[in-house]
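Everything numeric here is computed off the predicted structure, so don't read it as measured data.
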Amino acid sequence: MKKWLEGNRPVKLAGLIYTIIAVVIVATAWATNLYAGDLSLTISAYIGLRFWTVVAYLISAILIDFLIFYFIAKTPMLKLKKIIYTAVFSFVLGCALFPYGEQWGNISPIIHNICAFSLLGSSTIALFVAIIKPNTKNQRRFTIGAFIYALFFATTYALLGWKPVLDTLFIWENLFIYVQVIELCFEKPQDQ
């Protein structure tokens, strides 16, 4: 087990867990003709469609957060980065604790949306801080592109509601999630 927690492996493992659960949730929905092929739904919308997917994602989010928080704790970095990364992944857990969808009541979707938009904002701030205080030149190069993407996504989705983005939101949202995971991989733990 210790080998899985060395270097930036916790971040990669968290990304793998997210990928597996997202594929299972969406593939099983599409296989049962539940919004089959619909790319306008967010991963949160797919998760919220069924009770078992809410539970499966919650368990996954807890594992992901454990791995990321462990990584953050053992990695020397600017305290501001630690705070922002902790906030980002706390909002991930918030989204999992409060499923999206009207079947979960009136309050859960509201709290979910607050967490989701806070996740978008804090992730964008994390990218900006990584540009200003990068660990390496490669991190700065990556995060400049990632920050531009984050601004584009936030503007076209959250502010403008641009139809081409809304129609393929699932792709844009997941790319945004992977950008954050890749950016975290540039941080160097003490054991690396």
Tell me whether T28 contacts the main-chain N or O of I25 through its side chain, where contact means a donor paired with an acceptor under 3.5 Å. yes

About how many Å separate CG of D65 and CD1 of I72, when rounded to the nearest 0.5 Å? 8.5 Å

Please examine the side chains of E183 and Y85, heavy atoms only from C-beta on, and report whether any two atoms are closer than 4.5 Å. yes

Quick one: do F170 and V26 satisfy side-chain contact (heavy atoms from CB on, under 4.5 Å)? Show the steps, please. CA-CA 10 Å; F170 182 81; V26 174; 3.7 Å; yes

Should the pair E6-K3 be classified as a salt bridge under the 4.0 Å nitrogen-to-oxygen rule? no

Answer yes if I84 and V11 sit in the same cluster of Ile, Leu, Val, Met, Phe, Trp and Tyr residues linked by side chain heavy atoms under 4.5 Å apart, and no otherwise. yes

Could you tell me whether Y35 atom OH has more than 12 heavy atoms of other residues or ligands within 6.0 Å of it? no

Where do W172 and F152 land on the ring pair (Phe, Tyr, Trp, His ring centres under 6.0 Å) test, with the steps shown first? CA-CA 10 Å; W172 294 96; F152 172 81; 5.3 Å; yes

Neighbour count >12 (heavy atoms, 6.0 Å) for atom OH, Y178: yes

Restricting to non-hydrogen atoms, name the atom on T155 and the atom on L151 that form the minimum distance, rounded to 0.1 Å. OG1-O, 2.7 Å

Atom OG in S123, atom CZ in F153: separation rounded to 0.5 Å? 10.5 Å

Within the structure provided, determine whether E102 and P109 are in side-chain contact (heavy-atom separation under 4.5 Å). no

Would you check if the side chain of R140 reaches a backbone N or O of I131 as a donor-acceptor pair within less than 3.5 Å? yes

Same hydrophobic cluster for Y18 and L41, using side-chain heavy-atom links shorter than 4.5 Å among ILVMFWY? yes

In terms of hydrophobic clusters joined by side-chain contacts under 4.5 Å, are F66 and I17 together? yes

Is the CG atom of N106 crowded by more than 12 outside heavy atoms at less than 6.0 Å? no

To the nearest 0.5 angstrom, please state how far the CG atom of L166 sits from the CG atom of L39. 12.5 Å

Hydrophobic cluster membership, with links at side-chain heavy-atom distances under 4.5 Å among I/L/V/M/F/W/Y: are L119 and L169 in one? no

Please lay out, stage by stage, how W52 and Y57 fare under the test side-chain hydrogen bond (donor to acceptor under 3.5 Å, both in side chains). CA-CA 8 Å; W52 77 265; Y57 184 72; over 6 Å; no

Within the distance-only criterion (no hydrogens, no angle test), does the side chain of T143 pair as donor or acceptor with the backbone N or O of A146 below 3.5 angstrom? no

Same cluster (ILVMFWY, side-chain, under 4.5 Å), L78 and L127: no

Do the side chain of K74 and the main chain of L5 share a donor and acceptor less than 3.5 angstrom apart? yes

Kindly indicate, with the supporting measurements, whether the criterion side-chain contact (heavy atoms from CB on, under 4.5 Å) is fulfilled by H112 and W104. CA-CA 11 Å; H112 179 91; W104 302 106; over 6 Å; no

Is a side-chain N or O of S108 found less than 3.5 angstrom from the main chain of P99, in a donor-acceptor match? yes

Nearest heavy-atom pair of K81 and V129: which atoms, and what distance? CG-CG1, 3.7 Å

When rounded to the nearest 0.5 Å, the distance separating OG1 of T19 from CG of N174 is 8.0 Å

Looking at F186, I'd like to know if its CZ atom is crowded, meaning that more than 12 non-hydrogen atoms belonging to other residues, nucleotides or ligands lie closer than 6.0 Å. yes

Which heavy atom of V181 sits nearest a heavy atom of G15, and at what distance? CG1-CA, 4.3 Å

Under 3.5 Å, is there a donor on one side chain and an acceptor on the other for Y157 and E173? no

So F71 and L184, do their side chains get closer than 4.5 Å, heavy atoms only? yes

S40 side chain to D167 backbone, donor-acceptor under 3.5 Å: no

Is any side-chain heavy atom of F98 closer than 4.5 Å to one of I107? no

Pairing donors with acceptors under 3.5 angstrom, does anything connect the side chains of T136 and R141? no

Between T53 and L49 (side chain of the first, backbone of the second, donor and acceptor by atom type, cut-off under 3.5 Å), is there such a pair? no

In this structure, CG of L63 is separated from CG of L58 (nearest 0.5 Å) by 10.0 Å

Only pairs under 3.5 Å count here: list side-chain donor-acceptor contacts from residues 86-96, not counting sequence neighbours, and write none if there are none.
residue	atom	partner	partner atom	Å
T86	OG1	K82	O	2.7
S90	OG	T86	O	2.7

Counting C-beta onward and ignoring hydrogens, is there a side-chain heavy-atom pair between Q139 and E187 closer than 4.5 Å? yes

Rounded distance (nearest 0.5 Å) linking atom CG of L16 with atom CD1 of I21: 11.5 Å

Would one find more than 12 heavy atoms of other residues, nucleotides or ligands at under 6.0 Å from atom OH of Y46? yes

Report yes if the side chains of I111 and C115 come closer than 4.5 Å at any heavy-atom pair, otherwise no. yes

